[in-house]
Amino acid sequence: MGIQLTWLAHSGFKLEIEGKTVLIDPFLTGNPLAPMKADELRADFILLSHGHGDHVGDTVAIAKRTGATVVGNFEIANWIEGKGVKNVAGLNTGGGYDFGFGRVEYTLAFHSSSLPDGSYGGQPHGILIFAPGTTFYHSGDTALFTDMQLIGDKGVDVAILCVGDYFTMGPTDSLDAIRFIRPSYVLPMHYNTFPPIQQDIAKWAQQVHNHTEAKAIVLDPGGTHEF
Ligand code: NI
Ligand code: MN
């Protein structure tokens with residue numbers, strides 16, 4: 001049985017790994033592309049890249065309903081706990097922990113991270129997931145940076161990269177990110193949700209094909225791919 005990856009639109013993903021449901025940045029309420037409602041989602045773990053509302057999203061409601069463990073940076077984990085969520089884990093940059101479904105590591109990301117109420121949200125992060133047989137890298141919101149080569153040195157099979165431009169790196173910089181990370185597969189995220197981040201994703205996929213060694217996988221919101 002492989003790992004099922006479902007795109008929840010924007011930077012939200014659902015991973016089904018050996019019977020555990022792992023959500024990343026579940027932002028459904030207020031997301032014009034959301035393929036389902038937050039109260040339809042199961043979760044055992046919720047991983048957060050940074051504190052912005054389009055990433056923290058429905059985390060508190062989902063965690064309270066399901067009992068999921070919320071993993072974030074130290075500041076975000078404390079803030080989530082303060083909202084009444086029982087199970088939290090606060091990692092920080094460069095650290096990792098094995099949560100049973102696989103080891104999770106928090107990588108560098110170049111962005112900002114204030115929480116929805118303006119609280120300090122610590123540093124933004126990318127997320128590495130060393131699942132059985134497949135390693136995933138979710139870039140979070142970030143600029144292109146050369147230390148993505150070090151992330152690639154860890155052996156990334158599947159890179160999930162922000163490509164929307166305006167708030168994060170755009171399609172052109174993402175091609176350099178792919179060359180630094182050297183994944184077998186790449187998925188785009190953080191595009192088309194809002195007017196400033198509209199992108200021609202078919203054109204991006206063609207450029208990935210023409211200029212990198214990776215295979216682009218473009219999902220529709222709610223679409224699933226098995227790895
Ligand atoms: Ni952000
Ligand atoms: Mn964002």
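Counting starts at 1 for both ligands and their atoms, in listed order. Remember, it's a predicted structure, so these values are computed and weren't measured experimentally.
For the pair NE2 of His190 and OD2 of Asp141, the angle whose vertex sits at the Mn ion (ligand 2) is 100° to 10 degrees. Angle NE2 (His111) to the Ni ion (ligand 1) to OD2 (Asp141): 90°, rounded to 10°.
Here the straight-line distance linking atom CD1 of Ile46 with atom CD1 of Ile80 works out to 8.0 Å at 0.5 Å rounding. Here the OH atom belonging to Tyr137 is positioned 15.0 Å from the CG atom belonging to Asp157, to the nearest 0.5 angstrom.
Closest of all the heavy-atom pairs between Val208 and Thr212 is O-OG1, 2.8 Å.
When distances to the Mn ion (ligand 2) are checked against a cut-off of 2.8 Å, Cys162 contributes no N, O or S atom below that limit.
Between the side chains of Thr93 and His125, at least one donor N or O sits under 3.5 Å from an acceptor N or O. Inspection of the Asp141 and His52 side chains reveals no N or O donor paired with an N or O acceptor under 3.5 Å.
Atom OD2 is the N/O/S atom of Asp54 found closest to the Mn ion (ligand 2). Nearest N/O/S atom of His50 with respect to the Ni ion (ligand 1) is recorded as NE2. Restricting His52 to its N/O/S atoms, the shortest distance to the Ni ion (ligand 1) is reached by ND1.
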